[in-house]
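Numbers for residues simply follow the sequence, beginning at 1.
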Amino acid sequence: MSGADVTALLRRAWLALQQGQPAPARADCETALRHAQDSFDAWRLYAMSLQALGDAAGCRAALQRALALRPDDGATALDLGTMQLHAGEHGAAMASLHLAMQRLPQEPRAAFRYGTAAFLAGDHAQAAQGFEVAARLKPDWTEAWNNLAAAHGKQQDYVAAIAAARNALGLRPNDASTHQALAALQSNLFDRESLQEGLQHALHALRLDPSLAEAHRNAAILARKLGDAAGAEAYARRALELAPGDVETVNTLGEQLQLNRKTDEAVRVYAHALDAGVESPLLRRQHGIALLHDDRADAARTTLAHALRQAPDDQRAIAHLGVAMAQDDAARATQWLGLHRHVHAIALPTPEGFADADAFHVALADDIRRHSQQRWEPAGLAARNAYLSGDLLADRTPAIVGFEQRLREAIDAFLARCREARAGDAASGEEDVFLRNVPARYRMHVWATQAAERGFIDTHIHEDSWLSGAYYVELPPAIGDDDATHAGWIEFGRPFANLPSPPDTALRRVRPQVGTLLLFPSYLFHRTLPYAGEGERISISFDLAAV
């Protein structure tokens, strides 16, 4: 068979496909391939005919052969990547769809599907890049904007996420799910204006679709942050009526009941969900915490230990299991938590470009006072009578950049020491609750606190990270070594006020010092103590989480 004959067969196959007749198209392609095994066009048409006939495996094999013959063909890469995406092979799909994006720079579907594959693979940064390209190429594509918002939200970049969600809402102003998505993002913020707007979007979603359980749940979270405890409970109850099997919805009601001092009912809500088969390490942990709030320490220990076996890096489970253990043996709880072993004070060297440490700290304090994201007592956070910055590293001043460099150097050195210590513990047959979770790679969030007289940080933990820290930039004269009240110090080990209190021997107080970085496990309950007098207490905090 001549080349002209092969070409004629492929033309006939193409016409058959256009007429909705994939079977004769497949037969013509198979005939052509017997005589032209290296024909890209034959394999490409063969793949199309097999797809039309529902032969996914054959179609995929044909696409792979075609792409091997023409490795830079974007359309083939797009089709292959789409099949890999639908098959759940997200890593392979990302590779194929990335090639499609490169070869088809004006094709929004390639970018959108690449973003989808990356999102499902857990690479939210790459997902955002893909969805951003898709939205730029097709600005009226609501799903691209919605998915871009979700990808930014997963990275906790709520400014970018909300901007994308607003674009989606502009395209579908009467869509309940779009209002609900914006409310969900705003529920992560802490300024009252954003929270109030988020609540209005949740309520708008419910006017459009009263059965939308997610909107009820987000209304509960927003109402809670705005101080409406009764409203939060009512929204949470309705959300659970609509979605009794949803883990987050169960937990929203359970947490609100605890906040409303209805601890026995909170225990029942979690127990009912678990008995009904809504199994989740999160619900198991929350059940344990509710038992602890309800003064059932023995049951709490058993339940929290079970939760921790399911999720060994759950910071809230570790923190509350420590509280439950302390009711029986405070010394053992202190040892298990590493209250003394894992709280470290490190002096940071002065960054380059500053005459000395004093000059550096003066510049850093000034940058914090005028930071672009400085906010007074954000709603829902632990700061009381104090300013908090948002992302400190968003302002790239010489002092902030220099601090970041020194901080990362200290963290990298600390992680190396932790890995060595973990190896030593493993060799001796021991397992440390902190060291067992040392991350291979990490992301970091950094912010600053500025507090004057009576300002303080209330009791909290950092549940979404592994390592936390505080660096002291400026301290008031009232903070001293010989103060029996420990005014302005940081205290570790004291849990929330409505949990059982540990003995004083289970607490640790550390006097802050300018230029010193404190590193500690994120699961340790901690707070700062208020002080009286002149001056400000300016510190920088960070969270480090595994990625």
Exercise. Taking it one step at a time, do I461 and L524 satisfy side chain to side chain contact (heavy atoms under 4.5 Å, CB included)?
Worked result: CA-CA 6 Å; I461 64 171; L524 281 181; over 6 Å; no
Note: T334 and T505 closest approach over all heavy atoms is OG1-O, 4.4 Å
d(E233 CD, T252 OG1) to nearest 0.5 Å is 12.5 Å
side-chain contact (heavy atoms from CB on, under 4.5 Å) filter on Q200, not counting sequence neighbours, yields L203
Review point. Would you say H486's side chain and A484's backbone share a donor-acceptor pair under 3.5 angstrom?
Key: yes
The side chain to side chain contact (heavy atoms under 4.5 Å, CB included) partner of L259 among R261, Q256, K262 is Q256
query: Looking only at atom types and distance, does a side-chain atom of H216 sit under 3.5 Å from a main-chain N or O of P210, one as donor and one as acceptor?
result: yes
Apply ring pair (Phe, Tyr, Trp, His ring centres under 6.0 Å) to the pair F119 and H124, showing each step before the final yes or no. CA-CA 5 Å; F119 192 94; H124 301 118; 5.0 Å; yes
So, does Y523 use its side chain to make a donor-acceptor pair with the main chain of L337 at under 3.5 Å?
yes
Sequence neighbours excluded, the answer for side-chain contact (heavy atoms from CB on, under 4.5 Å) partners of E431 is R436
Intermediate values then yes/no, side chain to side chain contact (heavy atoms under 4.5 Å, CB included), Y442 and L467 = CA-CA 10 Å; Y442 67 85; L467 177 71; over 6 Å; no
For Q180 and N218, does a side-chain donor sit closer than 3.5 Å to a side-chain acceptor?
yes
Before you tell me yes or no, could you show the steps for F492 and F525 under ring pair (Phe, Tyr, Trp, His ring centres under 6.0 Å), namely the whole-Å CA-CA distance, both residues' side-chain angles and the distance that decides it to 0.1 Å?
CA-CA 6 Å; F492 296 97; F525 282 107; over 10 Å; no
(message) Under 4.0 Å between a side-chain nitrogen and a carboxylate oxygen: does that hold for E265 and R237?
(response) yes
For R301 and L321, the nearest pair of non-hydrogen atoms, with its separation, is O-CD1, 3.7 Å
Residues at least two apart in sequence or cross-chain that pass ring pair (Phe, Tyr, Trp, His ring centres under 6.0 Å) with H342, listed by chain then number, are F434
Can you check whether D391's main-chain N or O pairs, donor with acceptor, with S389's side chain at less than 3.5 Å? no
| request: Evaluate whether atom CD of E241 has more than 12 neighbouring non-hydrogen atoms of other residues, nucleotides or ligands under 6.0 angstrom away. | output: yes
Across all chains, not counting sequence neighbours, the side-chain contact (heavy atoms from CB on, under 4.5 Å) partners of R419 are L415, R422, V438
Test side chain to side chain contact (heavy atoms under 4.5 Å, CB included) on K225 and F190 and set out the steps.
CA-CA 8 Å; K225 286 189 173 184; F190 301 99; 3.5 Å; yes
Subject >> N188 side chain to A184 backbone, donor-acceptor under 3.5 Å >> reply: yes
Inset, instruction - Would you check if there is a donor-acceptor pair between the side chains of H526 and H462 at a distance under 3.5 Å? - result: yes
| Is it true that a side-chain atom of Q327 and a backbone atom of V323 form a donor plus acceptor pair closer than 3.5 Å? | yes
F131 and A151 have their tightest heavy-atom pair at CD1-CB, 4.3 Å
Q | Over 12 foreign heavy atoms within 6.0 Å of NE2, H272 | A | no
Q: Might you work through the salt bridge (charged side-chain N to carboxylate O under 4.0 Å, His left out) test for R113 and E143, ending with a clear yes or no?
A: CA-CA 11 Å; R113 291 173 192 172; E143 287 74 14; over 6 Å; no
Residue pairs meeting salt bridge (Lys or Arg N to Asp or Glu O under 4.0 Å), one or both in residues 536-547, sequence neighbours left out, come to R369-E536
May I ask you to check whether H344 and F414 place their ring centres under 6.0 Å from each other? yes
Check: residues 494-503 side-chain donor-acceptor pairs under 3.5 Å, at least two apart:
| from | atom 1 | to | atom 2 | distance (Å) |
| --- | --- | --- | --- | --- |
| R494 | NE | E491 | OE1 | 2.9 |
| R494 | NH2 | E491 | OE2 | 3.3 |

Exercise for review: Report the C-alpha separation of V446 and E404 in whole Å, then their side-chain angles, then the decisive distance to 0.1 Å, and conclude whether the side chain to side chain contact (heavy atoms under 4.5 Å, CB included) test is met.
Suggested key: CA-CA 9 Å; V446 186; E404 180 189 8; over 6 Å; no
In this structure, CD1 of I538 is separated from CG of L475 (nearest 0.5 Å) by 9.0 Å
- [ ] Spell out, as yes or no, whether a donor-acceptor pair under 3.5 Å connects the side chain of N437 to the backbone of P312.
- [x] yes
Residues R316 and D314 bridged, charged N to O under 4.0 Å
no
Taken to the nearest 0.5 Å, the spacing of I400 CD1 from I540 CD1 works out to 7.0 Å
Determine whether E409 and R406 satisfy the following criterion, salt bridge (charged side-chain N to carboxylate O under 4.0 Å, His left out), listing intermediate values before the conclusion.
CA-CA 5 Å; E409 291 168 354; R406 293 299 189 227; 3.1 Å; yes
- N/O donor-acceptor pair under 3.5 Å between D483 side chain and A487 backbone: yes
Closest non-hydrogen contact found for A394 with Q373 is CB-NE2, 3.5 Å
Flag, side chain of Q186 to backbone of G198, donor-acceptor distance under 3.5 Å
yes
Given the options T303, D264, T263, R296 meets side chain to side chain donor-acceptor pair (under 3.5 Å) only with D264
Closest non-hydrogen contact found for A545 with D464 is CB-O, 3.3 Å
Next item on the list: Check the side chains of Y114 and Q126 for a donor-acceptor pair under 3.5 angstrom, ignoring hydrogens and angles.
Entry: yes
OG1 (T116) and CE (M94) are apart, to the nearest 0.5 Å, by 11.0 Å
Thinking salt bridges, do R224 and E255 make one under a 4.0 Å N-O criterion?
yes
Minimal heavy-atom distance between I318 and V433, with the atoms involved, is CD1-CG2, 3.7 Å
**Asked** Backbone N or O of Q310 within a donor-acceptor pair of the R284 side chain at under 3.5 Å?
**Response** no
